[in-house]
Amino acid sequence: WLVWRRRFGTIWRRNPEPRVPAETVNQVKDLMAAPRSITVPKKRTGTSYLPEETLERAEAGTKFEKIKLAKDTTAAFTDLYEYAAKIRAGEMTWQDVEDADINTRLKWTGMLHRAKKNPGTFMIRLRVINGIVSSEQMRFYAKTVEPYGPEVGVVDITTRQNIQLRGLTLEDGPAMLDGLHALNQTCIMTGFDNIRNMVGNPLAGIDENEMVDTRPFTNMLNDLVTLDEETGERGNPVYCNLPRKFNICVSGNRDDYAHTHINDIGFQPCAHATTGEMGFNVVFGGYMSIKRVAESVSLDLWIPATLEAARAVAVATLRIFRDEGDRKDRQKARLMWVIEKYGVVAFRKKLLEEPALAGVRVEAEQRQDSATYTRRELVGVHTQPDGRMRVGINVPTGRLSVAEARSIADLADKYSAGEIRLTVEQNAMLPNVEAAELAALLAEPALNGASRLRVEPGNIVGYTVSCTGSQFCGLAMVETKQNAERIAERLDELISVPKPLRIHWTGCPNSCGQVQCADIGLMGGPAKKFNPETGKNMAVPGVSIFVGGRIGEDAYLSLDPYKKGVPLEDEDLLPELVAIAKEHFGATDK
Ligand code: SRM
Ligand code: SF4
């Protein structure tokens, strides 16, 4: 009895007499009554980082701001597991999940509900840092989507050098997330108001013209977003309540494969004019959207190419963006609008005053080497500085079937020590292929008809890019990937072009397919066509055509459509494309 009482006595006694001396009790009471001078640590959430003024604007903001405030987005990291467990236990279905959770907050776990096109299934947007994937990860993607069948269970390479998996159900989410984490990859904080995949140089480390190896930079930036510095856990609450999406990329050479001109922050490598020290000119505010497409602006700012300096620029910019970005109008909530609110000169001053940049050496923008530079191609076979080969493989419109994903993994294991690289043109590459093994690689059945993968796809098919389109995207006005693949093949039968013809497709004006950057950009939209049966012009799916976008050092965004309302049928579109290819890109009939 005594032993038992010593252990459980205080719990067992119904009315335990106070054991603390009365004097101490009174002291505690006084302390509680006194005005609080000690700050009680708040639970660290996305919202807890917002200053009072930002919080007020968020409270009066869009419905999405209210969703983020009603329940902090950091809750999604545990909600996913709880919902999945309950669904598996038969206690609820996905339809029972609160709308704001399933369609918005779960995006903080990288799971994007395909509510309109495939209700109950999710697209998973990964973080493929610098576009580098291992064969093991590629096999994991294939295994993850396989159960959902060939129509829905596909692996897409995206225009951010990234991967999206399709078909997953909510109850399968935790196993996918845990599996990814076990392979040192994540998908958290990739959708909605988050910082997207860190795009880098697909040739990092194997580049004869490399100025900066982008891999440490993209890794550092990825950690900044996805790791909580205080706890070491996944998900940094500091960036869990941004006003809108945010894009960062790091270029490693003059080719600018990462597209610094259309990212919110773009690091452009450039040596210091007097010392020769390698650094970055940093450009800001580039973006594309339904209402506005803006090229990045220079703030006349150069930093040394150190992780500390690049991190400081990102932290300072994100702090301003998070706290000062628009919360009332999502069309004005991108970084460029904050820059314009201040004006470029004042924004630069503000940025440099940020605590994160204290002690960081910032100089005026350095002038890039003026010698003419020719942008290099990524598709096909190219020799690396060490004599080995990089082999760029075309993945038509970035879509990989389960079998194709496994083929790439097998090829990587056999020829490139298990390494695969992705490009923003939605293609793949095998680096470090031994010259002696090249012939065997090029003779592999997977690259010669056994799958859609090809090393020599020609100047049209190999350079066709396409956004997701209406098959899975609820915002799409037209189907894109299938049209893009077919039109590229048909054009290739009709014409020859002397150099790559970059045709980009995008299903709506959000321009995920970056049509303004393309030689020829096709943006889904309304069109009319004469219908002989009714004798009237009828509404049909169509495209607006953009011509003359450029990428690389000489980047140019083609903002105004060349032609609008072209029906999306081969008999209408093909002649238009042939004519444009002949007039502007030196095409000749085959
Ligand atoms: Fe995008 C929204 C797909 C790159 C601008 N984008 C969407 C959503 C999430 C809409 C939705 O919920 O369905 C699309 C998902 C469809 C799906 O099922 O795949 C979607 N965007 C894509 C991807 C997959 C296109 C592709 O096939 O490659 C790209 C994924 C990149 C990644 O890995 O993270 C993708 N989106 C882009 C880019 C290009 C880029 O980043 O270089 C842009 C223009 C650049 C930019 O953001 O400034 C882009 N996506 C948008 C926008 C317009 C943003 C804005 O400020 O208004 C939306 C709409 C939105 O966010 O409200 C959007
Ligand atoms: Fe969807 Fe439009 Fe983006 Fe294409 S451009 S993926 S249709 S949002």
Side-chain angles (χ1 to χ4, degrees), residues 62 64 103-104 107 110-118 121-129 131 152 154-167 187 189-199 242-249 258-266 285-296 325-326 329-337 395 397-399 422-427 465-481 484 504-517 521-525 551 557:
T62 61
F64 296 112
N103 289 319
T104 304
K107 291 178 181 174
M111 295 192 67
L112 280 74
H113 186 211
R114 300 295 79 200
K116 273 199 191 157
K117 300 291 173 172
N118 302 76
T121 77
F122 289 77
M123 174 268 275
I124 316 300
R125 182 178 283 163
L126 271 55
R127 285 188 170 278
V128 177
I129 313 164
V152 182
V154 291
V155 177
D156 282 342
I157 305 174
T158 78
T159 52
R160 289 198 73 78
Q161 200 180 38
N162 195 15
I163 290 284
Q164 289 185 172
L165 310 177
R166 296 193 183 277
C187 57
M189 299 170 72
T190 50
F192 212 61
D193 296 349
N194 275 304
I195 304 157
R196 300 295 202 266
N197 190 45
M198 301 301 167
V199 179
L242 298 178
R244 199 69 164 95
K245 72 188 288 195
F246 198 90
N247 291 329
I248 308 180
C249 73
H259 292 179
T260 50
H261 61 303
I262 54 166
N263 276 256
D264 294 280
I265 303 181
Y287 83 105
M288 292 173 164
S289 75
I290 282 194
K291 286 270 167 71
R292 181 178 177 190
V293 173
E295 191 170 337
S296 303
D326 199 305
D329 180 352
R330 289 181 68 77
Q331 291 304 330
K332 293 184 175 167
R334 298 292 295 267
L335 179 69
M336 182 58 96
W337 294 83
V395 178
T397 69
R399 174 145 301 166
L422 309 178
T423 72
V424 298
E425 285 82 19
Q426 303 175 319
N427 287 322
V465 169
S466 171
C467 84
T468 306
S470 65
Q471 189 184 357
F472 297 107
C473 180
L475 305 179
M477 298 170 81
V478 299
E479 165 51 28
T480 50
K481 284 204 191 270
H504 286 220
W505 288 69
T506 215
C508 79
N510 280 311
S511 210
C512 303
Q514 309 154 327
V515 290
Q516 293 84 354
C517 296
L522 302 166
M523 176 188 285
I551 50 176
L557 295 177

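Whatever order the structure lists them in is the order used to number ligands and atoms, beginning at 1. Positions are given from 1 along the sequence. The model shown is predicted, which means the values in this text are computed figures rather than measured ones.
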Would you indicate which of [options] comes nearest to [atom] when only heavy atoms are counted?
{"atom": "atom 3 (C) of ligand 1", "options": "Lys117, Arg125, Lys107", "result": "Arg125"}
{"atom": "atom 56 (O) of ligand 1", "options": "Arg166, Arg334, Lys245, Gln161", "result": "Arg334"}
{"atom": "atom 31 (C) of ligand 1", "options": "Ile262, Thr158, Thr397, Val515", "result": "Thr158"}
{"atom": "atom 46 (C) of ligand 1", "options": "Asn247, Leu335, Val128", "result": "Asn247"}
{"atom": "atom 15 (C) of ligand 1", "options": "Gln516, Met123, Met336", "result": "Met123"}

Ligand 1 versus [X], non-hydrogen atoms closer than 4.0 Å: side chain, backbone, both, neither?
{"X": "Asp264", "value": "neither"}
{"X": "Asn197", "value": "neither"}
{"X": "Arg330", "value": "neither"}
{"X": "Ala333", "value": "neither"}
{"X": "Met288", "value": "both"}

Item to check | Ile265 side, atom CD1; Leu335 side, atom CG - distance, nearest 0.5 Å | outcome: 7.0 Å
Checklist outcome for this item: dist Asn103:CG -> Lys116:NZ (nearest 0.5 Å) comes out at 10.5 Å
So for [X], does at least one of its heavy atoms come nearer than 4.0 angstrom to any atom of ligand 1?
{"X": "Gly191", "answer": "no"}
{"X": "His259", "answer": "no"}
{"X": "Asp156", "answer": "no"}
{"X": "Lys291", "answer": "no"}
{"X": "Gln426", "answer": "yes"}

Identify the closest protein heavy atom to [atom]: which residue and atom is it, and at what distance?
{"atom": "atom 3 (Fe) of ligand 2", "result": "Cys512 SG, 2.2 Å"}
{"atom": "atom 2 (Fe) of ligand 2", "result": "Cys508 SG, 2.3 Å"}
{"atom": "atom 4 (C) of ligand 1", "result": "Thr159 OG1, 3.3 Å"}
{"atom": "atom 12 (O) of ligand 1", "result": "Arg114 NH2, 3.1 Å"}
{"atom": "atom 53 (C) of ligand 1", "result": "Asn510 OD1, 3.2 Å"}
{"atom": "atom 10 (C) of ligand 1", "result": "Leu475 CD1, 3.7 Å"}
{"atom": "atom 61 (O) of ligand 1", "result": "Arg244 NH1, 3.1 Å"}
{"atom": "atom 5 (S) of ligand 2", "result": "Thr506 OG1, 3.2 Å"}
{"atom": "atom 24 (C) of ligand 1", "result": "Gln164 OE1, 3.1 Å"}
{"atom": "atom 41 (O) of ligand 1", "result": "Arg160 NH1, 2.9 Å"}
{"atom": "atom 50 (N) of ligand 1", "result": "Cys512 SG, 3.0 Å"}

Checklist entry - Taking it one step at a time, do Met523 and His504 satisfy side chain to side chain contact (heavy atoms under 4.5 Å, CB included)? => result CA-CA 8 Å; Met523 176 188 285; His504 286 220; over 6 Å; no
Item to check | Cation-aromatic face contact Arg292/Trp337, 6.0 Å, 45 degrees | outcome: yes
Checklist entry - With a distance cut-off below 6.0 Å to the six-membered ring centre and an angular limit of 45° from the axis, does Arg125 pair with Phe192 as a cation-pi contact? => result no
Item to check | Whether over 12 other heavy atoms sit under 6.0 Å from Lys332 NZ | outcome: no
Checklist entry - side chain to side chain contact (heavy atoms under 4.5 Å, CB included) between Asn247 and Tyr287: does it pass, once the steps are laid out? => result CA-CA 8 Å; Asn247 291 329; Tyr287 83 105; 5.9 Å; no
Next on the checklist: With heavy-atom distances below 4.0 Å as the criterion, list the atoms of ligand 2 near Gly507.
Outcome noted: 4 (Fe), 5 (S), 7 (S)
Checklist entry - Taking 4.0 angstrom as the limit, do Asp264 and Arg196 come out as a salt bridge? => result no
Item to check | Short N/O/S contact of Cys467 with atom 4 (Fe) of ligand 2 (below 2.8 Å) | outcome: yes
Item to check | Sub-3.5 Å N/O-N/O distance, Asn162 and ligand 1 | outcome: yes
Item to check | Residue pair Arg399 / Gln471, side-chain donor-acceptor N/O under 3.5 Å | outcome: yes
Checklist entry - Heavy atom under 4.0 Å from ligand 2: found in Ser511's side chain, backbone, both, or neither? => result backbone
Checklist outcome for this item: Under 4.0 Å from one or more heavy atoms of Ser466, ligand 1 contributes atoms 27 (O)
Checklist entry - Would you say Cys473 reaches atom 1 (Fe) of ligand 2 with an N/O/S atom under 2.8 Å? => result yes
